[in-house]
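Taking it in order: structure first as structure tokens, then the write-up.
Labels below follow one simple rule: chain letters A, B, ... track the order of the sequence lines, proteins then strands, and each chain is numbered from 1. Heavy-atom basis, side chains included; hydrogens, waters and symmetry copies ignored.
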4 protein chains.
Amino acid sequence: MSETLQRRQIFRLSRERRVADIMEAAKAVFLEKGYQEALISEIAARADVVEGTIYRYFENKRDLMIKVVERWYDEMLSDFDQQLKGIRGTWNRLRFMIWKHLVTIEREPALCRLVFQELRPGPEYTSTMVFELNREYTKRTLEIIEAAMASGEFRKDVPLRVVRDLIFGCVEHHTWSYIRGIGTIDVDKTADTIAEIIYRGLAATPVRDDSDLATRLERAVERLEKLNPPEA
Amino acid sequence: MSETLQRRQIFRLSRERRVADIMEAAKAVFLEKGYQEALISEIAARADVVEGTIYRYFENKRDLMIKVVERWYDEMLSDFDQQLKGIRGTWNRLRFMIWKHLVTIEREPALCRLVFQELRPGPEYTSTMVFELNREYTKRTLEIIEAAMASGEFRKDVPLRVVRDLIFGCVEHHTWSYIRGIGTIDVDKTADTIAEIIYRGLAATPVRDDSDLATRLERAVERLEKLNPPEA
Amino acid sequence: MSETLQRRQIFRLSRERRVADIMEAAKAVFLEKGYQEALISEIAARADVVEGTIYRYFENKRDLMIKVVERWYDEMLSDFDQQLKGIRGTWNRLRFMIWKHLVTIEREPALCRLVFQELRPGPEYTSTMVFELNREYTKRTLEIIEAAMASGEFRKDVPLRVVRDLIFGCVEHHTWSYIRGIGTIDVDKTADTIAEIIYRGLAATPVRDDSDLATRLERAVERLEKLNPPEA
Amino acid sequence: MSETLQRRQIFRLSRERRVADIMEAAKAVFLEKGYQEALISEIAARADVVEGTIYRYFENKRDLMIKVVERWYDEMLSDFDQQLKGIRGTWNRLRFMIWKHLVTIEREPALCRLVFQELRPGPEYTSTMVFELNREYTKRTLEIIEAAMASGEFRKDVPLRVVRDLIFGCVEHHTWSYIRGIGTIDVDKTADTIAEIIYRGLAATPVRDDSDLATRLERAVERLEKLNPPEA
DNA sequence: GATGAATGAGAATTCATTCAT
DNA sequence: GATGAATGAATTCTCATTCAT
């Protein structure tokens, strides 16, 4: 009661350092509380700054949230294109895209929840980096399909949009409860299953059976391809 | 405004009638504004009652929203089982379930948005009639799959959960922008496409076979050749 | 949902019976919840009438509470005067008044709480039967003191008001936590102690010691008096 | 009202000053209206801040009330211990404690009313500074009694709790109507009287003795005679 | 650049009481 | 006499954002 209230020591940190501190604190609070429940005051307290300082670096609460999600999303997906280049075969490449999406969700369910429930429904979503990255990711996925259609591996009479919806819709629906904190997901098995169904569903040449000679050879080749990537 | 000091003319209506009036007004306001933006005062004004009257029939704003959604959902899905009984064949039955879901969204996108964005994320969702009805709907859908597996029409090595996620995830992902009020959906064509891909994806006996062994082996070899090009 | 809402069977009961039902229900609810928290709707439900009916018999919630307390208070204190007549000796009579007060509190702490915390602080208290009965009770108590002063047993230089405050203040302070539902009270012992201190405090002739001859004789006589009450 | 659309002129005061302003305003409003009737909006208006500002410094209305009472209580009782040290003799010390209590009530009856009627009945009372201070005050009072018992000045067969209840119960009962704004109290005289009665009530050696054995025996006999009258 | 005090609009909810039926 | 639907005033507390210092 006597003299506990003394002026906070003011540290002048570099802009980058301040921004990083705030984003880290914001990430933690957003993940714990969700967007609505998160308080600017708590973020400020955890970042060891006052509320006003946050507004020097971020326009408003929503902007802060978007920036937090964007940075993470970027880190998460930055390398997928590089990795994809090392994979050969429609099935493998398709499976990789599904697997990557699942892994992303598995690693950061709370952030994905933020994206799905807070960021995506908002009106500014399309002007977001997250939107851009998703678009890129979707584009790559559909390129795999297009290539397979061009080569005759897949039927050509299927709208790409629906394929996109099958893939991403299924993954999101599947991880729904995991994202809410209930249960677990088996990333590898699920990726296999989804890839298999969609592959078969689109295949021009029916995938008769796993014991089928041609199939087995094709899979063997695909595995070979993965082991010896051409340029990587 | 002219006579603020006198008691509003009291009309005594039956419970049913009042409830119906309030729910109608609430539905309109919720669909126009969304849950958060909807004001109890506006609902009351439109239903021509005072705010307190709403609280005689509904516990709170959220309860009101849930009741509104539930009633509509019930009406919407009440007959699907009856209709399904008249349809034969796995493909047709599967397509019907997908089609029904699409039609529901097409007819009431704003209500679906309420369900997807407001009701489902909430903690009380699982104790909701909407949850029950969805569960029922999903059960019927998977029964079609199970029957086809039992009869040998579908492969047996696919987890039902993933099939469920493919179907409903795809439909929801596909209607995403329509629900936000952007664009249109072609219910029939989409139902066809989704049903077709999933059917083929699960079929035990390949649907068609327009590729011969030799062709496939050649393609595999070509890919192998590309992998280890002569000049490397 | 089908037909549970049917018109309540209307029983026409005598006025007395209705009032009794409502008061009983009200007493229960007031004691459980306190005045503020008690709901007219709950009282109505327990009495098996609708809210409106309560207002036919009682002016308002406060009036109902007062009536409930009054009836009980009346029952509780109705016989004290009769009992007092059977008791002889200043000490014994004083002790009886204290004991009676303590017993009242011990038997109905929740009702006393209502009186002390809700009824007494209100502005209408003095026009209440409870006030009248208390006044009566206080009057009898002070008559004992006055008589003892007149006979020379007590000093005459003590304001009666202070004696009143000592007696009732002490009892209420002593039972404070018991009334809040904490702990117990030993009515007999406490009555003895309080009576003894006040008696000695007021005694003209000092109460020297318990071994003092006169005191012992007086006490013996008092016990004799109690054993053979004149008219009871 | 003339300029509702522009931001109120902001005056930045130190935390201490603002808190002091708010507490002063709150004290005034609580004393005038009582806790229930007091409006945060009125307190804000009097302190010349907006309502939100109050919530920056106080958790809620109740917290504000408690803080207001605590500060005053602390000021009021802070010096009693010091003063007590200067007083010698059981009677004098006892009288001082009673007198101090009476003076406190006389000076701030409205605040006492707040304590007795709002603060003390609440569930958080025991975690309050007021509770602590009262406990301290009571302890000091009983130490006087204990010392007198130890020295043989007072009888040892009286439970301290009852002595505490006599003192504080009597004072509170005595000031009851003054606290409600009716009448006056004569602090000095009342303190004398209460101290005297309690002192005599507890004294081991009788204070005075102006009545002889013969008289007392005669009185006892008279009473016996009345009890069994010759004609019965 | 940092501070942190101050803003201020809101908006759901309660429940005693009334009175048309 | 009983019903019970309807009234409606009234008030706390939140917290993102601003801006004087």
Check your understanding: With nearest nucleotides of DNA chain E determined for N60(B) and R56(D) from heavy-atom distances, which residue corresponds to the more 5′ nucleotide?
Key -> R56(D)
Exercise for review: For dA5(E), take OP1 and OP2 only and decide whether either is under 4.0 Å from a side-chain N or O of R18(D).
Suggested key: no
Practice item. Could you tell me whether E24(D) and R71(D) make a salt bridge, using a distance below 4.0 angstrom between a side-chain N and a carboxylate O? Key: no
Point to revise | Heavy-atom pair of closest approach, residues I54(D) and I40(D) | key: CD1-O, 4.0 Å
Point to revise | Value in whole Å for how far the P atom of dT12(F) lies from CD of E59(D) | key: 16 Å
Study note, to complete from the structure: Nearest heavy-atom approach of I22(B) to A47(B) is CA-CB, 3.9 Å
Exercise for review: Go through dA16(E), dT3(E), dG4(F) for me and flag the one nearest to the V50(C) side chain.
Suggested key: dG4(F)
Point to revise | Whole-Å gap separating P (dT18(F)) and NZ (K61(A)) | key: 15 Å
Exercise for review: Report the distance from atom CD of E42(C) to atom C1' of dG4(F), rounded to the nearest whole Å.
Suggested key: 18 Å
Revision key, fill the gap. Taking pairs as Watson-Crick (N1-N3 plus N6-O4 or O6-N4) or G-U wobble (N1-O2 and O6-N3), each distance under 3.5 Å, the stems of three or more consecutive pairs with DNA chain F are E:2-21 with F:2-21
Check your understanding: What residues, two or more places apart in sequence or in another chain, satisfy side chain to side chain donor-acceptor pair (under 3.5 Å) together with K67(D)?
Key -> D63(D)
Check your understanding: Atom OH of Y55(C) and atom P of dA20(E): how far apart are they, to the nearest Å?
Key -> 17 Å
Exercise for review: Tell me which residues in residues 33-41 of chain C put a heavy atom below 4.0 Å from DNA chain E, sorted by number, or none.
Suggested key: A38(C), L39(C), I40(C)
Review point. Whole Å only: how far is the CZ atom of R17(A) from the P atom of dG1(E)?
Key: 17 Å
Check your understanding: Does atom CZ of R62(B) have more than 12 heavy-atom neighbours from other groups under 6.0 Å away?
Key -> yes
**Study point:** Contacts of type side chain to side chain contact (heavy atoms under 4.5 Å, CB included), residue D74(C), not counting sequence neighbours
**Key:** M129(C), L133(C)
Exercise for review: Would you mind reading off the distance between Y57(D) atom OH and dT7(E) atom C1', rounded to a whole angstrom?
Suggested key: 12 Å
Exercise for review: Calculate the interatomic distance between D63(A) atom CG and dT18(F) atom P; express it in whole Å.
Suggested key: 12 Å
Practice item. Confirm from the modelled atom types if E51(D) and dC13(F) form a donor-acceptor pair under 3.5 Å, side chain to base only. Key: yes
Review point. To the nearest Å, how far apart are I54(B) CD1 and dA11(E) P?
Key: 15 Å
Check your understanding: Under 4.0 Å: is that the gap between some side-chain N or O of T53(A) and OP1 or OP2 of dT3(E)?
Key -> yes
Exercise for review: Check K61(B) against Q36(B) and note the closest heavy-atom contact, atom names and distance.
Suggested key: NZ-O, 3.3 Å
Practice item. Under 4.0 Å between any heavy atoms, over every strand shown, what does F58(C) touch: base, sugar-phosphate, or nothing? Just pick one. Key: nothing
Revision key, fill the gap. Heavy-atom nearest pair, R180(B) first then P121(A), reads NH2-CA, 3.5 Å
Point to revise | Comparing R62(A) and G52(B) on DNA chain F - which has the more 5′ nearest nucleotide | key: G52(B)
Check your understanding: Please, which pairs that meet ring pair (Phe, Tyr, Trp, His ring centres under 6.0 Å) have at least one residue in residues 110-130 of chain B, sequence neighbours excluded?
Key -> Y125(B)-F131(B)
**Study point:** Pairs satisfying ring pair (Phe, Tyr, Trp, His ring centres under 6.0 Å), at least one member in residues 47-71 of chain D, at least two apart
**Key:** none
